[in-house]
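Comments concern the structure below.
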Amino acid sequence: MAKIKAIRGMNDILPEATPVWQYLETTVKDVVAAYGYSEIRMPLVEQTDLFKRSIGEVTDIVEKEMYTFRDRNDESLTLRPEGTASCVRAGEEHGLLYNQTQRLWYTGPMFRYEKPQKGRYRQFHQIGVETFGMASADIDAEVIMLSARLWKKLGILDAVTLQLNSLGSNEARAEYRAALVEYLEARKDQLDEDSVRRLESNPLRILDSKDENTQALLDQAPVLSDYLDDESREHFSELCALLDAAGIRYELNPRLVRGLDYYCKTVFEWVTDKLGAQGTVCAGGRYDGLVKQLGGRPTPAVGFAMGIERLILLLETLDVVPSSVRQSFDVYLAAEHKGLQGQVIALAEQLREELPGLRVRVHCAGLKNISAKARQTGAPIVLLVKATDDNQLAGALWCGEEPRFDIAQADLSREINAVWNA
Ligand code: ATP
Ligand code: MG
């Protein structure tokens, strides 16, 4: 019988990889905590309409990337392709949004039916930050500063660049869209196939076409910044001033539009040139219209999501994960012969009790060549337990190359503590 395998594009995260995931997640938790953000957890499955109404019917995600199915009650459900829509739905449903401010973050798997490749998967993971109820540019600056602090903590700040743009108000964008369509309609024969299709459905997406001819054509096209309304222009210059003051470097990218329909004013991406085509590690912006669009009262909002897999690829590529992160235990504890196993287990419990935080792994298999085997585990501390003539326990302790023999039972915990903290 053929063995059952994982679904294409959906990865197991194996024990050798999880320490780096945990390291990234812990670092993120510390950073969001430092800004006073609260965690929210949403279901993985939502009504399909939630994503159609928020992300937009003619976006790549809704047109071709969603995992949509009917449940036994014939309801159309979708595995969430992103977190913002669910977060707004949850906030609205539980009265978290009206007339108050919220700073939220979440993490978890997202699902998109894409062509799997390095940095692009069908189940992938995001960490997202969403803020509600704050309209001015200081909160746009805060979420960007939060992400920059995270890059700094992770040691990748030099490898990422912040790209920044403003999409303006809905009205300004509609006016620009009309001008862009008029310009491109007249040159339709020079556009790539995808862009021709988008000319009708989602013309702004043509701005980030990967096609060289299309990009060349855009050099002479109307630019969005010329169409910005005064309020958006003001908002954007305040944001830039705040980022300047915070010492955060950015590049203005007038063609940055983002693939989701709900953005207005600020949009940004953190990109790296170290990962090939999948270079965006974090993306976000302002979506003041979304809460209302989903049936709530008008509520300003700004947020971003980062791709955990891409960040981990970047950490690995730059080799910036502290080596201690990969070690999942501090002490490897083994008995010299089988009759001592009960006492070794008791000793391990005693160590866990006396030295909180110490990670003790007990050897629970055959004892042939145990001394060599225990040291091959790579544990920072190896303790091989034997019995003395008067039936006391004693240990041989390795910490690096030099063993220390015959440490008496009464001294074991103190000795281990000393080398552990050294
Ligand atoms: P891309 O242009 O790379 O498809 P996107 O614009 O669709 O990205 P968003 O919806 O803004 O991406 O998601 C935010 C982040 O989540 C991305 O910047 C990326 O880091 C990550 N991400 C998105 N799709 C995937 C995927 N299929 N596999 C892995 N990471 C992803
Ligand atoms: Mg995409």
Side-chain angles (χ1 to χ4, degrees), residues 6-11 13 17 21 24 28 50-51 54-56 58-67 78-88 105-130 143-144 147 150-151 154 156 159-165 167 194 198 202 204-211 253 255-264 266-287 290 301-317:
I7 310 294
R8 196 164 117 82
M10 304 203 180
N11 302 315
I13 301 157
W21 282 68
L24 175 61
V28 170
L50 174 66
F51 303 115
S54 55
I55 299 168
V58 291
T59 55
D60 282 355
I61 295 180
V62 173
E63 270 186 345
K64 53 189 191 201
E65 295 176 358
M66 294 208 301
Y67 280 91
T78 295
L79 296 184
R80 62 180 187 192
E82 55 112 48
T84 305
S86 308
C87 189
V88 170
W105 73 276
Y106 57 82
T107 182
M110 307 294 162
F111 303 85
R112 297 184 192 177
Y113 194 81
E114 302 201 65
K115 190 163 159 250
Q117 54 200 287
K118 183 182 168 199
R120 189 176 296 285
Y121 312 100
R122 290 182 175 172
Q123 174 173 328
F124 63 100
H125 298 75
Q126 285 184 337
I127 296 169
V129 155
E130 316 286 357
V143 299
I144 291 173
S147 54
L150 177 63
W151 313 145
L154 292 170
I156 59 174
V160 291
T161 308
L162 175 62
Q163 306 234 323
L164 201 58
N165 193 19
L167 297 180
D194 243 5
R198 281 178 168 151
N202 198 352
L204 291 190
R205 272 326 287 275
I206 298 174
L207 294 179
D208 63 12
S209 162
K210 304 275 185 289
D211 186 84
N253 177 355
R255 293 188 192 167
L256 180 65
V257 286
R258 311 285 306 112
L260 300 81
D261 268 3
Y262 49 62
Y263 288 110
C264 65
T266 312
V267 286
F268 65 91
E269 288 191 1
W270 287 97
V271 297
T272 177
D273 58 7
K274 306 274 189 286
L275 297 180
Q278 272 58 248
T280 303
V281 293
C282 174
R286 185 165 273 282
Y287 50 97
L290 183 58
V302 56
F304 66 74
M306 50 196 156
I308 300 188
E309 283 84 354
R310 290 187 196 174
L311 282 170
I312 287 182
L313 281 169
L314 187 56
L315 293 175
E316 301 283 14
T317 305

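Predicted, not measured: the structure shown is a model, and the values here were computed from it. Each ligand, and each atom within it, is numbered from 1 in the order the structure gives.
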Next item on the list: Please determine, by modelled atom types, if R120 and Q278 share a side-chain donor-acceptor pair under 3.5 angstrom.
Entry: yes

Check: Counting heavy atoms only, which of K118, Q117, Q126, E114 is nearest atom 13 (O) of ligand 1?
Finding: Q126

Check: Considering only heavy atoms of A283, which atoms of ligand 1 have at least one such atom less than 4.0 Å away?
Finding: 11 (O)

Check: So between F304, Y121, Y263, Y113, whose heavy atom ends up nearest atom 28 (N) of ligand 1?
Finding: Y121

Next item on the list: Using a strict cut-off of 4.0 Å, indicate which atoms of ligand 1 neighbour a heavy atom of V281.
Entry: 20 (O)

Checklist line | Atoms of ligand 1 close to T280 [distance to a heavy atom under 4.0 angstrom, numbered from 1] | finding: 17 (C), 18 (O), 19 (C), 20 (O)

Note to self: Against ligand 1, does R258 come closer than 4.0 Å with any heavy atom?
What the structure shows: yes

Margin query: Check E269 with R258, please: is the shortest side-chain N to carboxylate O separation under 4.0 Å?
Written below: yes

Margin query: To the closest 0.5 Å, what do you measure between OH (Y121) and CD (E114)?
Written below: 11.5 Å

Next item on the list: Closest by any non-hydrogen atom to atom 2 (O) of ligand 1: pick that one out of R120, Q278, R122, R112.
Entry: R120

Check: Which atoms of ligand 1 have any heavy atom of A305 under 4.0 Å away?
Finding: 14 (C), 15 (C)

Next item on the list: Nearest 0.5 Å please: distance from the NZ atom of K64 over to the OG1 atom of T59.
Entry: 10.0 Å

Margin query: Would you compute the distance between atom OH of Y67 and atom CG of L79 and round it to the nearest 0.5 angstrom?
Written below: 8.0 Å

Checklist line | Backbone N/O of Q163 and side chain of N253: donor-acceptor pair under 3.5 Å | finding: no

